[in-house]
Amino acid sequence: MQENRVKSGVFATGGAEAIRLRGFDIHPGLLNADAQAALVEELRGVTKAAPLFSPVTPYGKPMRVRMTSMGKFGWFSDRSGYRYEGKHPSGVDWPPIPELVLTLWRDLTELERTPDCCLLNFYDSNARMGMHQDRDEADFSYPVVSISLGDSALFRIGNETRGGKTESIWLNSGDVVVMGGAARLTYHGVDRIRAGSSTLLPKGGRINLTLRVVT
DNA sequence: GAGTGGCA
DNA sequence: CCCT
């Protein structure tokens with residue numbers, strides 16, 4: 001039997017070594033099937049309390065991806081820009097970040113501070129996300145941790161400025177990516193969702209959780 | 001005019 | 001290419 005790759009030992013079954021790509025640490029299959037299923041179950045309660053919505057971008061188009069958040073802050077955008085908000089657009093508080101997710105963050109980052117935002121992005125099979133930087137947070141010395149659940153996504157990694165050559169990698173259900181250090185401000189996006197590649201979500205699609213220290 | 005764009 |  002292979003050793004668990006996170007200290008708490010509750011997630012991983014072992015398997016592939018981490019892949020490093022342009023400073024992104026990619027942990028294939030870090031969450032085992034049981035952990036993925038348990039997490040999805042918790043997220044059902046989250047989307048019930050704080051339903052998914054499609055934010056409008058500052059230039060007027062609604063995003064393809066639907067989203068909600070957990071934690072003290074949630075990511076939001078409208079005509080006046082990208083930002084974090086203390087409440088869901090319905091006025092309710094964002095639900096708490098699941099303990100399983102916080103444990104994963106602690107194990108991977110070994111930081112004292114835990115994230116104050118866990119953004120949930122839902123991609124249907126046609127959804128994409130253009131190349132962007134995560135730069136709405138106050139302190140870029142904290143990493144961003146990203147968890148993939150459900151259908152596989154073609155993830156594209158660029159550079160610290162727009163343009164230039166890029167590299168792509170398929171992210172599968174249970175994969176976890178840490179974007180820290182120089183990679184913290186690297187452009188990235190999702191080009192494609194592979195419909196039917198996972199049975200985790202009965203109706204298909206992909207959930208991506210991103211953990212951030214916002215303030 | 002660039003876009004956490006949309007479409008062909 | 002189109003649009004905001």
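In the text below, chain A, chain B and the rest are named by the order of the sequence lines, each starting its count at 1.
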Can you tell me how far P of B:dG3 sits from CD of A:Gln133, to the nearest Å?
-> 10 Å
Side chains of A:Ser197 and A:Asn172: is there a donor and an acceptor less than 3.5 Å apart?
-> no
Min side-chain heavy-atom separation A:Asp25-A:Leu108 under 4.5 Å = no
Take atom CZ of A:Arg22 as the centre, draw a 6.0 Å sphere, and report whether it contains more than 12 heavy atoms from other residues, nucleotides or ligands.
-> yes
When you check the phosphate oxygens OP1 and OP2 of C:dT4, does a side-chain N or O of A:Arg79 lie under 4.0 Å from one of them?
-> no
What is the distance from CG of A:Asn126 to P of B:dG5, rounded to the nearest Å?
-> 14 Å
Have a look at A:Gly189 and say if it touches a base, only the backbone sugar-phosphate, or nothing, with a 4.0 Å heavy-atom cut-off.
-> nothing
Do A:Thr215 and A:Asp116 come close enough that some side-chain heavy atom pair is under 4.5 Å?
-> yes
Nearest-Å distance for atom pair CZ/P, residues A:Arg135 and B:dG3 | 12 Å
In whole angstrom, what separates A:Arg156's CZ from B:dG5's P?
-> 12 Å
Which residue, A:Tyr187 or A:Pro62, contacts DNA chain B at a nucleotide closer to its 5' end, judged by nearest heavy atom?
-> A:Tyr187
Does A:Arg64 make a side-chain N or O approach to OP1 or OP2 of B:dC7 shorter than 4.0 Å?
-> yes
Dot-bracket line, read 5' to 3' along DNA chain B, where crossing pairs take [ ] and | marks a partner on another strand, Watson-Crick or G-U under 3.5 Å | .||.||..
Regarding A:Thr186 and A:Gln133, is there a side-chain donor-to-acceptor distance under 3.5 Å anywhere?
-> no
Consider only side-chain N and O atoms of A:Asp175 and A:Ser148, and report whether a donor and an acceptor are under 3.5 Å apart.
-> no
Nucleotide B:dA2, atom C1' - distance to CE of A:Met63 in whole Å | 15 Å
Given atom CE of A:Met131 and atom C1' of B:dG3, what is their separation to the nearest angstrom?
-> 13 Å
Using whole Å, report how far CG of A:Asp191 lies from C1' of B:dG5.
-> 13 Å
Rounded to whole Å, OH of A:Tyr59 lies from P of B:dG3 at a distance of 8 Å
Mind checking whether A:His188 and A:Phe155 have parallel, tilted or perpendicular rings, split at 30° and 60°?
-> tilted
